Amino acid sequence: TSAVRTTSVTLKALGLDSYNLGVYNGVWGGNGDVVESVNPATGEVIGAVQQSNGSDLDQTLQQATKAAKVWREVPAPKRGEIVRQMRNALFEKIEPLGKLVALEMGKILPEGIGEVQEYIDIADYAVGLSRMLNGKVIPSERSGHMMMEVWNPLGVVGVISAFNFPVAVYGWNSAVSMVCGNAVVWKGAPSTSLTSVAITKILAEVLERNSLPGAICSLATGGADIGEGIAKDKRVNLVSFTGSTNVGRKVALTVQERFGKCLLELGGNNAIIVHNDADIDLAVRSILFAAVGTAGQRCTTTRRLFLHEEIHDTFIERLQKAYGQIKIGNPLESGILCGPLHTKSAVDAFEQGIADVKKQGGKILYGGNALRNLPGNFVQPTITSISHDAPVVHREIFAPILHTIKYANIEEAIEWNNEVGQGLSSSLFTTSPEKMFNWIGPSGSDCGIVNVNIPTNGAEIGGAFGGEKETGGGRESGSTSWQQYMRRQTCTINYSGMLPLAQGIKFE
Ligand code: NAD
């Protein structure tokens, strides 16, 4: 009953009911299926959201297209001011929003709150960015000519996001895309629709208070059909997709067919290398967070661990001891480090993964079991010992399974780091400057995120986030990622009164 009370207090604080409309484009609606959100720790229904159908999406895209025309004429720093108000509104609700993420997605409360904090951080960043969307002035080879780059908004950005970061991924896209002058249409994962509705309510209130079109922050909840609708529709100038490599491949092909733009954040299969000169304490603590945090459901979760042969045995012992201390349970209880998996089918995938490890010559060094006796979707954080090239090691299993592999020299470990299809995040633990710089250089890691002496997960918003190869090549969040949400125009202005041609061509 205390769990039921937490749910109702949280929903109330966010203006949600047990039944909610899941479409927003200036007005709330929804004519699609009603989808129930289930607490993955208890199996209880938290609430329901009526999703969008095809005609809801059509209408939402129509409204978003109109709203984009208004929004693009608002000066960028003024757009930043609106994002600042949204940031403040999110900050006021950080506690209930973090709780809702814990209830609906299943991550532990500090991580749920951390996700909202991440949205707040990127909003701060975007406010500053709104005064720095600078182009370049380029020297022209022609006299009396001036060349420059001008960045203009794209129009409508479709954001399709995954269940595992139901707030932060939208936040990265929304805050940056908004200061860039676009309207956004968001489709989150259907199983985290309450969170999508709660966030959109906060943003809608700010837009409406400022007499701006609500459709600047549109929401069209739904499943694969609505995602496909967004990918296919020419009115969506950029599709920012976060999810699995398999679905991302389909989305990319659909968007490419109509020459739309795509930003892909797909699966990872991240490794940590611990060399023989590493700070072992630091490495053990890092791996614990990276492999077990979010119950292994981060795109940046550490799934492969390469240990130098000289430290291998003692390291495994330390790790087994550390795993033994992890408390598994309800993500809202303090002291719990490992919550449930998001769905029942994720538990099946975990068990399939463990069976494959055994079939492919691997051993279980810790855990290995689903906790089927508990009401929620719990599994034991697991450590295996297996060959670097076993097929199961090359697959992203979205669960806390850590494969450990012994290596003799660091070149070999780097090669193994790079041999998988995915290319998201990677870390090396060493105290040698030579090895650090080699790791970030041309013969080092091939990933988009290359760390030294910190885990593979837990990125800051200031850097560009994303990965190479089957991770999709997209970059979100900081650095120059904003450029993907705008179109670059090369402008040449002739003030000479003459017509000199480039490359000295005479045409007369
Ligand atoms: P998923 O691919 O199943 O779903 C992602 C989104 O795509 C959901 O909103 C889903 O409804 C939608 N979708 C499903 N079928 C679709 C289709 N045919 N067309 C368009 N949209 C469709 O992924 P998931 O299980 O929700 O999330 C886990 C995956 O996301 C993991 O692979 C993880 O690594 C990845 N991920 C990557 C990043 C990153 O930044 N690289 C971040 C978070 C998660």
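Remember, it's a predicted structure, so these values are computed and weren't measured experimentally. In this chain, residues are counted from 1 in sequence order. Remember, it's 1-based here, ligands and their atoms both numbered in the order they're listed.
For E396, a nitrogen or oxygen atom sits less than 3.5 Å from a nitrogen or oxygen atom of ligand 1, counting backbone and side chain alike. The N/O atoms of F163, backbone and side chain alike, include one that comes under 3.5 Å of an N/O atom in ligand 1. Residue contacts with ligand 1: K187 is placed with a nitrogen or oxygen under 3.5 Å of a nitrogen or oxygen of the ligand (distance criterion only). Between S244 and ligand 1, at least one N/O pair is under 3.5 Å apart. At a 3.5 angstrom cut-off on N or O pairs, F398 does not count as close to ligand 1. Considering backbone and side-chain N/O of T245, none are found under 3.5 Å from N/O of ligand 1.
Ring-centre distance between W172 and F465: below the 6.0 Å cut-off.
Here is the list of ligand 1 atoms found below 4.0 Å of a heavy atom in A189: 9 (O). Residue contact check: N164 has heavy atoms under 4.0 Å from atoms 43 (C), 44 (C) of ligand 1. Close approach of ligand 1 to V251 is summarised as follows: ligand atoms under 4.0 Å from at least one heavy atom of the residue are 19 (N), 20 (C). Listed by number with element, the atoms of ligand 1 under 4.0 angstrom from any heavy atom of G188 are 9 (O). The distance from ligand 1 to the heavy atoms of P190 drops below 4.0 Å at these ligand atoms: 11 (O).
Taking a distance limit of 4.0 Å, we find that atom 21 (N) of ligand 1 is approached by some protein heavy atom.
If you run side chain to side chain donor-acceptor pair (under 3.5 Å) between T456 and each of T301, N451, T302, N270, only T302 comes through.
With a 4.5 Å cut-off on side-chain heavy atoms, V169 and E265 do not count as touching.
Only backbone heavy atoms of L266 (N, CA, C or O) come within less than 4.0 Å of ligand 1; its side chain stays farther off. Of the heavy atoms in Q297, none comes closer than 4.0 Å to ligand 1. Only the side chain of V247 comes within contact range of ligand 1, with a heavy atom under 4.0 Å; no backbone atom does.
Taking the ring centre of F91 as origin, the terminal cationic atom of R87 falls inside the region bounded by 6.0 Å and 45° from the ring axis.
Legend: salt bridge (Lys or Arg N to Asp or Glu O under 4.0 Å) pairs involving residues 473-484, not counting sequence neighbours, sorted by first then second residue: E468-R475. For residues 27-49, the ring pair (Phe, Tyr, Trp, His ring centres under 6.0 Å) pairs, not counting sequence neighbours, are Y24-W28.
Atom CG of D446 is surrounded by more than 12 heavy atoms from other residues, nucleotides or ligands within 6.0 Å.
Under a 4.0 angstrom heavy-atom cut-off, S161 registers as being in contact with ligand 1.
In this pair, Y323 and Y366 present their aromatic rings perpendicular. The plane angle is above 60°, beyond the 30 to 60° band.
No side-chain donor-acceptor contact under 3.5 Å links Q352 and D348.
Distance CD/E415 to OH/Y407: 13.5 Å, rounded to 0.5 Å.
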